[in-house]
Amino acid sequence: MHNGFKNYLTLDLGPMLQYNGDLEFKDKRQKDYYINQYTALSAQDITKLSKFNVNGVVGASVGIRMFMIKAQYIHGFTNILNALNDENLDLGGGSKFKGHQEMYTLSAIFTF
């Protein structure tokens with residue numbers, strides 16, 4: 001990279017380790033809701049997520065020393081819903097939960 005850009009542009013690439021807690025309800029009445037297309041699966045049944053997940057991150061930061069804009073794409077390599085497969089839930093037909101998250105982030109960084 002040309003020396004003139006090194007103070008203004010940073011590229012990000014690498015792994016990211018993520019820790020999750022259980023899903024929470026905004027309204028306690030929601031825990032008794034049933035999930036569409038399932039007759040015996042409630043919202044309370046699917047609150048547990050896999051605690052640790054591995055993601056890949058690609059991004060860039062641009063700006064000057066005191067102010068930077070950062071954009072990132074994050075892709076989940078691990079199944080964030082895998083912990084639900086150990087719960088013996090009635091999914092009908094032997095199906096399993098599968099979920100690989102994707103996130104886009106845009107942030108502003110101020111340093112002083």
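Numbering starts at 1 and runs along the sequence shown.
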S.K.: Let me confirm one number: the NZ-CD distance from Lys28 to Gln44, rounded to the nearest 0.5 Å.
M.R.: 9.5 Å
S.K.: I'd like to check the side chain to side chain donor-acceptor pair (under 3.5 Å) partners of Asn79; sequence neighbours left out, ordered by chain and number.
M.R.: none
S.K.: What distance do Asp45 atom CG and Glu87 atom CD have between them, rounded to the nearest 0.5 Å?
M.R.: 8.5 Å
S.K.: Are Thr78 and Phe52 close enough, and set up right, to give a side-chain contact (heavy atoms from CB on, under 4.5 Å), and what steps lead you there?
M.R.: CA-CA 9 Å; Thr78 54; Phe52 289 97; over 6 Å; no
S.K.: Quick one: pull up CG in Asn82 and NZ in Lys96 and give me the separation to the nearest 0.5 Å.
M.R.: 8.0 Å
S.K.: Mind checking side-chain contact (heavy atoms from CB on, under 4.5 Å) for Tyr73 and listing every partner two or more places apart, or none if nothing turns up?
M.R.: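 Here the qualifying residues are His75, Glu102, Tyr104.
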S.K.: Between Leu23 and Ile46, does a side-chain contact (heavy atoms from CB on, under 4.5 Å) hold up when you go through it step by step?
M.R.: CA-CA 8 Å; Leu23 296 176; Ile46 60 170; 5.7 Å; no
S.K.: Check residues 105-112 and write down every donor-acceptor pair under 3.5 Å in which the side-chain atom is one partner and the other belongs to a residue at least two apart or another chain.
M.R.:
unit_1, atom_1, unit_2, atom_2, d
Thr111, OG1, Arg65, O, 2.6

S.K.: At what distance, to the nearest 0.5 angstrom, does NZ of Lys70 lie from CD of Gln72?
M.R.: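 Lys70 atom NZ to Gln72 atom CD measures 5.0 Å (nearest 0.5 Å).
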S.K.: I would like to know whether Leu49 and Leu81 meet side-chain contact (heavy atoms from CB on, under 4.5 Å); could you show each step before the answer?
M.R.: CA-CA 5 Å; Leu49 297 177; Leu81 302 176; 3.7 Å; yes
S.K.: Apply the test side-chain contact (heavy atoms from CB on, under 4.5 Å) to residues Asp12 and Ser61: give CA-CA distance (whole Å), side-chain angles for both, the deciding distance (0.1 Å), then the verdict.
M.R.: CA-CA 8 Å; Asp12 306 319; Ser61 302; 4.0 Å; yes
S.K.: Heavy-atom count around Phe67 CZ within 6.0 Å, excluding the residue itself: above 12?
M.R.: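 Correct, the count exceeds 12.
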S.K.: Report whether Ile80 and Phe77 are members of the same hydrophobic cluster (ILVMFWY, side-chain heavy atoms less than 4.5 Å apart, transitive linking).
M.R.: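 In one cluster: no.
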S.K.: Which heavy atom in Ser50 sits nearest to a heavy atom in Ala83, and how many Å separate them?
M.R.: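 It is OG-N, 3.1 Å.
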S.K.: Could you tell me the separation between the CE atom of Met68 and the OG1 atom of Thr10, rounded to the nearest 0.5 Å?
M.R.: 4.5 Å
S.K.: For Asp22, give me all partners under side chain to side chain donor-acceptor pair (under 3.5 Å), at least two apart in sequence or on another chain.
M.R.: Lys51
S.K.: Is a side-chain N or O of Asn53 found less than 3.5 angstrom from the main chain of Gln18, in a donor-acceptor match?
M.R.: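 No, because the side chain of Asn53 does not come within donor-acceptor range (under 3.5 Å) of the backbone of Gln18.
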S.K.: Do Tyr8 and Ile64 have side-chain heavy atoms sitting under 4.5 Å apart?
M.R.: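 Contact flag for Tyr8/Ile64 side chains = yes.
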S.K.: Report the residues that fulfil salt bridge (charged side-chain N to carboxylate O under 4.0 Å, His left out) with Asp32, sequence neighbours left out, ordered by chain and then residue number.
M.R.: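 For Asp32, no residue satisfies salt bridge (charged side-chain N to carboxylate O under 4.0 Å, His left out) once neighbours in sequence are set aside.
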S.K.: Find out if a path of hydrophobic residues (ILVMFWY) with successive side-chain heavy-atom gaps under 4.5 Å connects Leu11 to Val58.
M.R.: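 Per the 4.5 Å side-chain linkage, Leu11 and Val58 are not co-clustered.
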S.K.: Using the salt bridge (charged side-chain N to carboxylate O under 4.0 Å, His left out) criterion, which residues pair with Lys48? Sequence neighbours excluded.
M.R.: none
